[in-house]
Q: 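So that we are looking at the same thing, I have put the structure below in structure tokens.
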Amino acid sequence: MEFHVSLAGRGDLSARIYRQLHEAVVDGRLRSGEKLPPTRELARRLAVSRNTVALAYERLTAEGFLVGRVGAGTFVCANPPAPAPATATGPGAVPPRPVWRGLATPRASTRRPPYDFGVGVPDTSRFPMAAWRRQVARQLRDVTAADTLYGDPAGHPGLRAEIARHVGLSRSVRVSAEQVLVTNGTQQALDLVARVLLAPGDRVAVEEPGYPPARELFASHGARLAGVPVDAEGVVVQALPVDTRLVYTTPSHQFPLGPPMSLDRRTALLEWARDAGAVIVEDDYDSEFRFADRPLEPLHSLDRGDRVLYVGSFSKTMLPMLRLGFLVAPPSLLDALRAAKRLADLQSETTNQGAMAGFMADGLFVRHLRRVTREYAARRTMILTVLRRDFADRLEVVPSTAGLHLAAWPTGDVDVTALVERAAAAGVGVADLAEYHGFGPGRPGIALGYGRIDLDRIEEGLRLLDEVW
Ligand SMILES: Cc1ncc(COP(=O)(O)O)c(C=O)c1O
């Protein structure tokens, strides 16, 4: 492709050519080894003298960005000097609004510890990739001309119907497909809810400890956050501020501690919300993995006043990379939520949605869930067995009945942050509960996920944890 050089801007003509070529090499638009046009040709294109171009080339060559090869031409160097790191504070730097200053996003680490008890991640190696590939291929094969255009912002009709059926059967969340919105994961569902329901300064109550991306999302919308403590029965209703507009909660498997919200607490929370005129966002992120007979009714089905928005995710049951989640909303909010989705991104990508609909309709989703739940149950039992056997004098496991991780509190005096660091150095990845506290230090503890660790590595991983205690 011909590199475009503009002569607009300040400085003499040679300096302008120099600057643009320099930037293109530094930011990678011109790659190592790429050939530049001969000076004569570029000079003709730009209607400048050949000398003007040659001067720019000479300077870039002297600085190590270009190299001239006799008889062959001028090329971008194999290893041009590295660009200066971008600074956030130069005189012309544009600052974000203050609310964004505390919301820096750490880069995802690709390094996995050998004994990975990471939280919030499923075992992607158990994913039936071949069956999924066939569903995706079918979508691409059967795509019609109309499918390739824009669709309904609320999502693929087939997937909305499958989700309605699924939550109706497995969670007794009785809704029509019309009430289901497909989103790019839970995170976008929360974003849409915030857009539609929150004005800057509105009070949002979140669980403490809780799920940081939810807390940060509401903060980014200008909400005033209140961290509400969680006890053995779930979020402490008496601690909810009276002016709360929205409560974000994880009743099936409190994130990150794990206990399910008791039925009494669910009833109390719903009553409180009715009296306060507040809405509840029920994040049911990993309750499909169930290890007790009968799950409690979701807040959504206990609610008779349409105050509960129910959010689900395929990140744990399928793959996080699919970015598939959903929102079940009361009819009064549907039009606004659909409009919010349209304004956010017009619609979610349709091939994966269609493939997911097929995967569910063909019974493959339920089969996959059954299979991985068996595997996760075995891992969870193994962790519990070892903790009870070897850590009984040091750790109190927080009771839970669902999900992909367990939390535990040390009973003695131990610096958990230092312990987690020692464990990491020994190749054992466990989470420090301090990561999930947003309003103060909180009770120290650890969380152990079983989405990523194979059954036969659990004992050795916990033995190493024992060693560094
Ligand atoms: C509490 C909670 N909600 C939701 C999710 C999933 O988010 P998403 O659907 O955006 O991937 C997670 C993932 O770790 C979570 O821990």
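Worth saying up front: this structure is predicted, and the values here are computed from it rather than measured. Indexing begins at 1, ligand by ligand and atom by atom, following the structure's order.
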Q: Quick test of your reading: applying side-chain hydrogen bond (donor to acceptor under 3.5 Å, both in side chains), list the pairs with at least one residue in residues 195-216, sequence neighbours left out, ordered by first then second residue.
A: Asp191-Arg195, Arg203-Asp243, Glu207-Thr249, Glu207-Thr250, Glu207-Gln254, Glu208-His437
Q: By salt bridge (charged side-chain N to carboxylate O under 4.0 Å, His left out), which residues pair with Arg379, not counting sequence neighbours?
A: Asp123, Glu375, Asp454
Q: Is Glu271 salt-bridged to Arg266, going by a charged N under 4.0 Å from an acidic O?
A: no
Q: Once side-chain hydrogen bond (donor to acceptor under 3.5 Å, both in side chains) is applied, what residue pairs with a partner in residues 403-420 remain, sequence neighbours excluded?
A: Thr417-Asp432
Q: With side chain to side chain contact (heavy atoms under 4.5 Å, CB included) as the test, pick out the partner of Ser252 among Arg290, Arg171, Met261.
A: Arg171
Q: To the nearest 0.5 Å, how far apart are CZ in Arg134 and CZ in Phe359?
A: 9.5 Å
Q: Tell me the residues surrounding ligand 1, counting only those with a heavy atom closer than 4.0 angstrom, sorted by chain and number.
A: Gly120, Gly185, Thr186, Gln187, Tyr211, Tyr248, Phe255, Asp283, Tyr285, Ser313, Ser315, Lys316, Arg323
